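The structure appears right after this line, and notes come after that.
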Amino acid sequence: MNRLNVSFARWLPLHKPAAHTSHDVVALARKALHFRKIGHTGTLDPDVTGVVVLALGKATRLIQYLPGTKSYHAWLRLGVTTDSCDASGTVLTQAPVPALSRQDLLQALKPFQGQIQQQAPMVSAVSVNGQRLYKLARQGVDLPERPWRTVEISELSLGQWTSPLLEIQVTCSSGTYIRSLAHDLGQALGCGAILERMERTMANGVNLSQCLEIQALRPLTEDPSPGLPADALLQHLPALQLPSEAAVLQLYQGKSVPLALPLPEGVPHRVYAPSGEWISVASYAEAGLKSRLWLLEGPPYDAA
């Protein structure tokens with residue numbers, strides 16, 4: 001197999017410090033790595049610390065296939081509400097916190113597990129009639145009829161409880177607002193609550209322990225393989241190895257590759273060459289396997 005080199009594609013998990021946006025982290029990584037083609041796999045509020053996964057090179061085109069589940073370690077302050085549902089906002093109400101036992105809190109948390117409905121907070125990037133909610137909030141506009149979405153909270157556990165601070169751990173689907181969870185829990189308890197601070201402990205299959213500090217990054221000329229290889233975070237996609245070089249060439253040419261045994265239609269697969277090299281994300285249709293994303297720089301062989 002006389003192939004060209006695979007396009008550069010890596011995942012770079014970073015520990016985001018407070019007071020930085022996800023865009024700030026991308027800018028810092030570009031400067032440190034001396035590399036321009038970098039994207040992030042999801043925004044994280046400036047005050048939130050923890051896991052941010054960056055996509056380097058051709059990995060930016062693989063973001064859509066990443067697992068969306070995320071985990072958070074959060075601290076809630078009961079007895080107060082703000083316009084942003086967190087500690088950065090303007091205080092709206094204050095109320096005494098009732099005497100709550102751990103059992104009381106465990107019971108209050110139960111309705112927020114599984115599939116639930118959440119309303120987007122005013123301070124969010126959700127668009128209504130073409131305008132971002134956070135921009136409307138800055139103008140003093142409050143829209144009571146904000147969009148609702150279905151999210152799933154698969155794990156919700158209670159940590160330390162020292163009134164008025166409540167510690168929780170959350171594992172949830174992509175798009176879940178922990179600020180909204182704090183607000184809704186406070187309403188259920190009758191005293192209000194805000195998100196005091198939070199750390200994201202897992203995102204896209206990466207744990208906090210796997211993350212690098214931004215100040216530890218070096219130019220790619222010094223460290224050409226930072227972070228994780230491109231397929232490391234896509235192990236949830238089924239793998240398929242093609243039987244021949246001819247099949248690889250067919251896939252590259254955009255043709256459908258017939259298979260001895262059909263696969264479930266429309267399911268993305270990691271497709272490997274006979275040599276074991278990852279070459280494509282492809283899915284099966286009626287006529288055969290067809291590439292969705294080609295991972296090499298060009299054709300896999302020198303055509304005769």
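Hydrogens, waters and symmetry mates are skipped; everything else that's a heavy atom, side chains included, is used. The model shown is predicted, which means the values in this text are computed figures rather than measured ones.
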**OP:** Verify the distance criterion only: is there a donor paired with an acceptor across the side chains of Thr81 and Thr93 at less than 3.5 Å?
**Re:**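 The criterion, which ignores hydrogens and geometry beyond distance, is satisfied for Thr93 and Thr81.
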
**OP:** For His73 and Gln169, test the side chains for any donor-to-acceptor distance below 3.5 angstrom and give the result as yes or no.
**Re:**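 The criterion, which ignores hydrogens and geometry beyond distance, is satisfied for Gln169 and His73.
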
List in chain and number order the residues that pass side chain to side chain contact (heavy atoms under 4.5 Å, CB included) with [X], two or more places apart in sequence or in another chain; answer none if no residue qualifies.
X      : value
Ala32  : Leu217
Ser174 : Lys70
Val26  : Arg30, Ile38, His40, Leu54
Lys37  : Phe35, Thr60

**OP:** Name all residues meeting the salt bridge (Lys or Arg N to Asp or Glu O under 4.0 Å) criterion together with Arg149; count only those two or more places apart in sequence or in a different chain, and write none if there are none.
**Re:**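 With neighbours one apart ignored, the set is empty.
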
**OP:** With rounding to the nearest 0.5 Å, note down the distance linking SG in Cys172 to CZ in Phe112.
**Re:** 14.0 Å

Original post:
So which residues get pulled into Val80's cluster when ILVMFWY side chains under 4.5 Å apart are joined, directly or through others?
Top reply: Val91, Ile194

**OP:** Identify whether Leu100 and Leu165 are in the same connected component of the hydrophobic contact network (ILVMFWY, side-chain heavy atoms under 4.5 Å).
**Re:** no

Subject >> Sub-4.5 Å side-chain heavy-atom contact between Leu185 and Leu78 >> reply: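 When only atoms from C-beta onward are counted, Leu78 and Leu185 do not touch, as no gap falls below 4.5 Å.
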
**OP:** Begin from the C-alpha positions of Asp231 and Tyr272 and carry the test side chain to side chain donor-acceptor pair (under 3.5 Å) through to its verdict.
**Re:** CA-CA 11 Å; Asp231 60 350; Tyr272 294 82; 2.9 Å; yes

Original post:
Can we say Asp24 and Lys16 salt-bridge, meaning some charged N sits less than 4.0 Å from an Asp/Glu carboxylate O?
Top reply: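 Lys16 and Asp24: not salt-bridged.
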
